[in-house]
Amino acid sequence: MTTKIISSAVIMSPRKRPLVPVKSRRKATEEYFPFNYLPVECQLHVLSFLNEVDKCSCALVCLSWSCLVRSWKLWRVADYSRRGVFHLGQEGLLVSNREFERWKSWVHHYTHHLISRRASLLTLKASFDLGDHCNKWGELLGHLLDNVHCRDLSHLDLNWTFTLLEPLDLRVHLSSSSHQDSITKMDQVTSFQELLTKLTHSCPRISKMRLHFDWSDLSVSLLTQFQQLRVLELKYFWVFKGVNPSTLQTLSKSLPNLKSLTLQILVPLRNLGISYTLESQSLEFLDVSPSRGLVFSCLKLPALRELRAKKIVRGITLDRRTRLGIQSRWPCLYHVLREGTPKLQALNNERLLPIWREETYAELSAILGQSCYCVQHLDSWLW
């Protein structure tokens, strides 16, 4: 009998918890600061660090948190570039029709969610083919801008040339006259210009913009209306469409607060020999390394501190006579920089010494060989 009592005591002892006085338990509880005791502004600030999914999860905790999450101050970003389970690091990913419809449903629900929260947007990121008349992505973005507060929108990242997810079944089973093939470049440009017009009225305070650009006169005139632009990155729209030199100069001169400019211009073969002028009183950073065949004859950039330019081989071989005839029209980048960039401090990530304007500065010649298209720097240069 004694043995049984001892064995049961041995068995039960691990389950027993030490008795804690009531006062000690109250003290342990008081060490946790109640979140709801914080001022509302502080609570909103804490919740602002959460992503959109976590914010929605917080709304399910209690009624007070649900009211907090509905605040417009927590919905400052509209990011349509997220692809959830389809995020594979690829653009224009082909999926099945069912997956595409599921993703499209998420896009519409996400838009409704932002509108219902009365979002006050600071950032808009999207990648939709605005020439797609079937899915009407342009109307969706226009509906969003009309129903949220976007007067303070400062960052726009817009790819209007293709949709992130494309239905695989549509491409495989439909004929060549399918709706995808019926989308023309002009359809895309027209829809883009309509959206850009809406942005000029709804979001005049955009300071950072990254988008593909068609370089038409109307698009340039619309872009110059964003007088608060400080950072601008323009990607090429169509490889066979050239850029008028006067158009580029007009754009740079018309943006008085522009500090950083990145250009991706692919000069068509028919425009070889054309050189460009760039003029800006405020520009401090210029990156034309993504461009091909972009040659400057004159730079008037008194505030420029850093330039990135790269001489890119296009894989097209021209005979020596034709090539020399083209290159003879272009001035050396060294002379262009010496005359038009008095504050230049860095070229292609290389720090320049204060004596870089002196021709005895031999290190500069090696850097220019990677960027300049002139006859003097034609070493191993093929078109």
Side-chain angles (χ1 to χ4, degrees), residues 51-53 77-115 119 121 123-148 155-199 209-216 219 233-241 262 264-266 268 290 292:
N51 59 39
E52 290 149 332
V53 176
V77 177
D79 188 359
Y80 289 93
S81 60
R82 296 185 300 108
R83 284 164 282 177
V85 296
F86 304 110
H87 185 68
L88 301 177
Q90 300 178 13
E91 295 181 335
L93 184 66
L94 297 178
V95 296
S96 68
N97 258 350
R98 178 180 297 180
E99 291 171 328
F100 176 75
E101 291 298 327
R102 183 158 59 92
W103 175 79
K104 189 169 68 172
S105 176
W106 171 84
V107 169
H108 286 277
H109 278 90
Y110 182 51
T111 304
H112 174 74
H113 176 80
L114 292 172
I115 293 174
L121 297 183
T123 301
L124 173 59
K125 298 181 180 181
S127 180
F128 296 119
D129 186 348
L130 297 187
D132 188 343
H133 298 296
C134 179
N135 295 298
K136 300 181 179 179
W137 303 118
E139 293 184 11
L140 181 137
L141 291 177
H143 178 64
L144 173 70
L145 295 175
D146 288 336
N147 291 277
V148 299
H155 181 193
L156 175 67
D157 190 341
L158 177 64
N159 184 343
W160 49 274
T161 60
F162 62 83
T163 306
L164 281 174
L165 297 182
E166 299 182 30
L168 178 62
D169 299 350
L170 185 66
R171 287 196 165 190
V172 172
H173 298 297
L174 294 186
S175 63
S176 59
S177 59
S178 66
H179 114 87
Q180 286 287 344
D181 295 329
S182 65
I183 297 175
T184 65
K185 297 291 183 182
M186 286 309 302
D187 291 333
Q188 292 177 319
V189 172
T190 301
S191 299
F192 166 66
Q193 291 173 344
E194 291 175 357
L195 182 61
L196 198 60
T197 302
K198 182 181 288 292
L199 287 168
M209 190 177 292
R210 180 174 179 263
L211 71 166
H212 292 251
F213 201 60
D214 65 293
W215 291 101
S216 64
S219 297
E233 181 178 347
L234 299 178
K235 296 186 175 182
Y236 78 91
F237 165 62
W238 197 18
V239 68
F240 299 111
K241 182 175 177 58
T262 302
Q264 185 182 28
I265 297 176
L266 308 186
R292 294 187 178 184

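Values reported hereafter were calculated over all heavy atoms of this structure, with side chains retained and with hydrogens, waters and symmetry mates removed.
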Exercise for review: Using the salt bridge (charged side-chain N to carboxylate O under 4.0 Å, His left out) rule, collect all pairs that involve residues 138-147, keeping only residues at least two apart or in two chains.
Suggested key: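 As it turns out, the salt bridge (charged side-chain N to carboxylate O under 4.0 Å, His left out) pairs with a partner in residues 138-147, which skip direct neighbours, are Asp146-Lys198.
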
Check whether any side-chain heavy atom of [X] sits under 4.5 Å from a side-chain heavy atom of [Y], and report yes or no.
X      : Y      : value
Thr163 : Asn135 : no
His109 : His112 : no
Asn159 : Leu164 : no

**Study point:** Pairwise distance CD(Glu233) to CG(Leu211) - rounded to 0.5 angstrom
**Key:**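 These two atoms lie 9.0 Å from each other.
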
Practice item. Taking Gln188 for its side chain and Thr161 for its backbone only, find out whether a donor-acceptor pair lies under 3.5 Å. Key: yes

Point to revise | Donor-acceptor under 3.5 Å (Thr190 side chain, Met186 main chain) | key: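 Looks like yes, one N/O pair under 3.5 Å.
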
**Study point:** Identified ring-ring contact (aromatic ring centres under 6.0 Å, His included) partner of Phe237 from the options Trp160, Phe213, Phe162
**Key:**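 With Phe237 as partner, ring-ring contact (aromatic ring centres under 6.0 Å, His included) holds for just one option, Trp160.
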
**Study point:** His108, NE2 atom: more than 12 neighbouring heavy atoms under 6.0 Å
**Key:** yes

Exercise for review: Of all the heavy-atom pairs spanning Tyr110 and Val77, show the shortest one and how long it is.
Suggested key: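 Smallest interatomic distance, heavy atoms only, reads OH-O, 3.4 Å.
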
Exercise for review: Taking all non-hydrogen atoms of both residues into account, name the closest pair between Leu114 and Val148 and its distance.
Suggested key: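 Scanning both residues completely, I find the closest heavy atoms to be O-CG1, 3.9 Å.
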
Exercise for review: Go through Glu194 and Leu130 one step at a time and tell me if the side chain to side chain contact (heavy atoms under 4.5 Å, CB included) criterion holds.
Suggested key: CA-CA 10 Å; Glu194 291 175 357; Leu130 297 187; over 6 Å; no

Practice item. Just jot down the side-chain hydrogen bond (donor to acceptor under 3.5 Å, both in side chains) partners of Asp157, sequence neighbours excluded, or say none. Key: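 Asp157 satisfies side-chain hydrogen bond (donor to acceptor under 3.5 Å, both in side chains) with Arg210 once adjacent residues are dropped.
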
Check your understanding: Do the charged groups of Glu101 and Lys104 touch, with an N to O distance under 4.0 Å?
Key ->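 Answer for the salt bridge query: yes.
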
Point to revise | Distance-only donor-acceptor check, side chains Asp187 and Thr184, under 3.5 Å | key: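 Present: a donor and an acceptor within the cut-off.
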
Practice item. For Phe128, enumerate each residue passing the ring pair (Phe, Tyr, Trp, His ring centres under 6.0 Å) test, keeping only those at least two apart in sequence or located in another chain. Key: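 Expected list: Tyr80, Trp137.
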
